[in-house]
Structures are given as structure tokens and as C-alpha cells.
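These notes are about the structure you will find just below.
Just so you know, ligand 1 is whichever comes first in the structure, and atom 1 is the first atom listed for that ligand. What's counted below: heavy atoms across the whole structure, side chains too, no hydrogens, waters or symmetry copies.
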Amino acid sequence: MRLSRYFLPILRETPKEAEIVSHRLMLRAGMIRQEAAGIYAFLPLGLRVVNKITAIIREEQNRSGAIELLMPTIQSADLWRESGRYDDYGKEMLRIKDRQEREMLYGPTNEEMVTEIFRSYVRSYKDLPLNLYHIQWKFRDEIRPRFGLMRGREFLMKDAYSFDVDQAGARHSYNKMFVAYLRTFARLGLTAIPMVADTGPIGGDLSHEFIILASTGESEVFCHRDYLGMAPPEADTNFDDAAGLQDIVDKWTSLYAATSEKHDAAAFGALPDDMRVSARGIEVGHIFYFGTKYSLPMNAVVAGPDGTLKPVHGGSYGIGPTRVAAAAIEAGHDEAGIIWPEAIAPFKIGLINLKPGDSAVDAACNSLYARFQGRGVDVLLDDTDERPGGKFAKMDLIGLPWQIIVGPKGLADGKVEVKNRRSGDRQLMSPDDALALLG
Ligand code: ATP
Ligand code: MG
């Protein structure tokens, strides 16, 4: 993308309403625009990040065997009356009437709808297990929408729903999602720690929140230091191997990790001093086994081998891609701006033309730009007339992992400067070497 033809509305001033760094930087970097409290437009740069996040989530959901569909944002109130949640949900639910006076709502989640789809088609245990997911906008009329994308009212969610004949099957489905989440967050370039979460009235140990440590996090969390360096499961993990998956989950749940709601001060206190991490955290994912909570009232049953009908066992599994974008900034920034993990950066490289109009500099930039594009690398070429200082500041602000700086002086020696945004390291090298390094 050439910056001269792009839409990147950078703000010079720090917006006053933004209390946390991710919100400030997203507004300043021209990624999002608030349209109403907790409701944002995604500007082109912000959309690129969200699309990179959802692409990785999708790949890992698919790898685990989950199947993508797309359910609507608007739902019928009747569905929610069947499960009994229509009244329970309270003011967080945005309720709407259509022109026929039918009661509708903007979905805050999709358990009811996916259960309705399931019961309409699936009859036999032979069709299980099944895990259906979608990536769709949700609306929750949060009492205090704040912190930008961190706690929006309209936000994107990947929500998956598993169906199994019994609890053993449901545990396998749960473990698939657990492992998929470990891989997903690692690929996103984030350290997300699975922490025991509340299971509500159902009990059991099948609920985990995936938490990114950041000083602005809303939850107080406690964990073993080893979580900060654990390697995620491999891409060739066999998701059909129930015992193998259980081993992975056991390994990841054997160390202490809990949010304040589930905190056990004695167990935490028993850890060696240097292994105790107590910090604040951001919930980016939540997985949950809820048994027959929806299948019983909604009559989602399958016939077992002996023909008897049994309600299916369900679980739901959410990740908030828009919250993930904000959390990545909370976990990765400095005074100059954002520092994106490479996997979700809007572009991999910012190519800075220090002297547009200089034919040698223009030619070198155009050539590098075309050759990177040819290799499928996302490059943002700053070919504008802005002064060098402004260009450097802008590139640092938007946080692309690499900068290639091309000016007449360096080029006279056949060199461009390659800067790593995270380390700040700079190296002079030929354009060919820059291409070999980053292409
Ligand atoms: P929280 O405790 O933060 O209110 P929740 O427990 O209500 O979240 P879930 O229903 O578990 O959220 O939703 C799954 C995921 O959706 C969360 O882990 C989070 O990543 C995302 N999410 C939930 N609420 C919001 C929101 N208001 N804005 C942005 N993302 C959200
Ligand atoms: Mg949650």
C-alpha cells in the first residue's frame, strides 16, 4: 500500500476520553473511530489487524475439527424464552421490536440459536461429536463501556459450540478447544495463560479463562512463573487422540493459575517465592462446559445406540478478536507507539522514502516495494511529502515490526537502513540483503 493513496487519519493530539494506552494509541494511529459509546468503526489500519487475528483463529479452529457457519446478529426473543434466559439476561441485552411488533434482540451470544439449529437436524449419536463456530458481531449493553475495544458494546466474537453424547465426549471436545486456544494465542504472538474460572451451578473443572498479563487488566490474577515460558502444542497435534490431548491439558493445568474469584491464597503461598506471579490480566478467551443446560429445556436430544433419547452435552468457547487487538497493544508498546507482534501487524514493513522526487530514491523504493509485494509481504510505502521526522514518528506510532529507510546518502553507498521496531536495532545493508532478510 502506498501511503499517499491510503486512508490513515493519524491524530496529533492524544484524545482526552481515552484512559488506557491501547485506546489512546488506536485512536491516534487511525485504527478506530468511536461512533457511539462502546461502538466503533474500524478504519482501514484497524480492520487489517482484526482480519489477521480472525484468520489465525479460524485456521486453528478448523485444525481442531470445528466447523464454521454464520448465524445472524438479530435473534428472536422466543428462542431465549425457551431457554429461560430472556428475562435473566437483564439490561445487557439490547431488545428490539420489528414493524410487526415482534420481539427481537441483538445477540449477546448464540447458545440458544445454535441449539435450535442442532436440534432441527441432528438425530443420532453417530453424528456426534460436532463443534460449530462463527465469527460474528455481538452486542452487550455494558453498564460502563470503556477502554475502547477492551470493553465495547458492539464487539466481535469467535464463539464455538460443541455437542456430545456424554460427559466424556464433552471433555474431549473441551480439550480440543483448550489446545486450539493455546496454539491460537501463541500464533497471535501473545502469552495467554489458562486460568481456572467459575463454572457456575454446574461445578466441575471445565472452565478456563485465557488471560494476557497487562497492568491495565481488569482482573487480578495469580500464577506460576513457568507459564510465562511454556511452549505451545505443535501444529501436528492429533486432535482425535483423546488421551494425548488430556496429557497436554493436564500439563497446562497442573501449575497454579487463577483469577481472584478462584484464588486459593494458601496454594499460591506454597509456591517458591520466585515462582509466584501476581499481576493484572485481560480475559481474551473463555471456554466452558455447561452440560445439558440448554439441551434439556430446548429438547436437543439424540438417540443413543440402544435407541433411547438423551439430551446432548454442550460447551461454549469464546475469543474476542477486537479485545485481542487492544490487549496486544497493552502488552506491546513504548512511548513512541504500538509494537505489534509480527503475526497481527497491519503491515510487516514500513518502507520510508526520505526524499520523494529524487529519482534514485524513488527507483529504489519502487523496486523494493514491487519485489516485496511479489513475495506476498505486506508493505506500507511512505511516499508522501512529509518531513523525515514526521515519517519516523508515524511509523513508530503505527508499530509495524520492520522499517526500511531509504535516503540519498545511504543509497550513494548502495545501502538502506533496516530498523527493528521492537529492539530499535538498526542495520545498513543493500536492498537485496533487506529483501533476503524480510522477504
Ligand atoms: P467479561 O468478563 O470481560 O465481561 P465475559 O466473561 O462476559 O467477559 P464471555 O461471554 O466469556 O465474556 O465472552 C467471550 C470473550 O468475548 C471474552 O473472553 C472476551 O474476549 C470477549 N468479550 C466479552 N465481552 C466483551 C466486550 N464487552 N468487549 C470486547 N470483547 C468482549
Ligand atoms: Mg468470560
Side-chain angles (χ1 to χ4, degrees), residues 20 22-23 26 31-32 34-40 42 46 49-50 53-54 56-57 61 73 85 88-94 106-114 133-161 174 177-178 180-182 184-185 188 190 192-200 202 206-212 214 216-221 258-262 280-290 293-294 314-331 344:
I20 61 170
S22 58
H23 190 193
M26 281 188 166
M31 295 180 62
I32 55 170
Q34 183 173 314
E35 296 300 334
I39 301 180
Y40 292 86
F42 287 78
V49 172
V50 172
I53 293 170
T54 52
I56 290 172
I57 292 173
Q61 290 290 294
T73 54
R85 282 211 291 180
D88 291 352
Y89 220 93
K91 292 200 163 195
E92 257 192 32
M93 180 184 271
L94 182 65
Y106 193 129
T109 178
N110 282 69
E111 281 84 1
E112 284 77 0
M113 188 176 282
V114 77
Y133 78 97
H134 70 166
I135 300 176
Q136 178 63 289
W137 296 96
K138 303 289 182 291
F139 196 97
R140 293 181 184 174
D141 206 349
E142 301 271 359
I143 188 157
R144 275 192 72 195
R146 56 186 175 154
F147 302 158
L149 300 190
M150 201 69 84
R151 185 166 294 286
R153 291 200 295 167
E154 188 180 54
F155 60 94
L156 203 52
M157 198 196 287
K158 182 289 298 178
D159 37 328
Y161 303 91
Y174 182 89
M177 287 291 108
F178 190 107
Y181 275 36
L182 291 176
T184 301
F185 290 115
L188 293 169
L190 302 169
I193 302 168
M195 302 203 180
V196 187
D198 235 337
T199 40
I202 296 159
L206 293 185
S207 176
H208 287 87
E209 291 179 347
F210 286 74
I211 306 267
I212 291 176
T216 45
E218 288 186 283
S219 336
E220 200 183 353
V221 301
T259 60
S260 54
E261 291 104 69
K262 299 290 277 186
R280 301 202 67 84
I282 301 166
E283 180 202 318
V284 283
H286 190 174
I287 61 177
F288 198 77
Y289 164 71
F290 49 67
K293 178 173 176 191
Y294 301 95
S316 67
Y317 315 90
I319 299 181
T322 45
R323 181 182 284 181
V324 166
I329 297 178
E330 293 296 331
I344 61 174

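For E218, the closest heavy-atom approach to ligand 1 does not fall below 4.0 Å. Between L149 and ligand 1 there is a heavy-atom distance shorter than 4.0 Å.
Annotation for Y161 and N110: closest pair OH-N, 3.0 Å, computed over non-hydrogen atoms.
Side-chain contact annotation: Y106 with E154, donor-acceptor N/O pair under 3.5 Å present. Judged by distance alone, the side chains of H286 and S316 never bring a donor and an acceptor atom under 3.5 Å apart.
With distances taken over non-hydrogen atoms, the option nearest atom 12 (O) of ligand 1 out of R140, R323, H286, K138 is R140. The closest heavy-atom contact to atom 3 (O) of ligand 1, among the options E154, E92, R151, comes from R151. Around atom 24 (N) of ligand 1, the closest heavy atom drawn from Y317, F155, F147 belongs to F155.
With a 4.0 Å cut-off on non-hydrogen atoms, E283 touches ligand 1 through its backbone as well as its side chain.
Going from atom NE2 of H208 over to atom CZ of F288 covers 12.0 Å, rounded to the nearest 0.5 Å. Here the OG1-CG distance, from T54 to L156, works out to 7.0 Å after rounding to the nearest 0.5 Å.
For ligand 1, the atoms closer than 4.0 angstrom to any heavy atom of V284 are 18 (O), 20 (O).
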Derivation and outcome, side chain to side chain contact (heavy atoms under 4.5 Å, CB included), residues H23 and R146: CA-CA 9 Å; H23 190 193; R146 56 186 175 154; over 6 Å; no

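Considering backbone and side-chain N/O atoms, G152 comes within less than 3.5 Å of an N/O atom of ligand 1.
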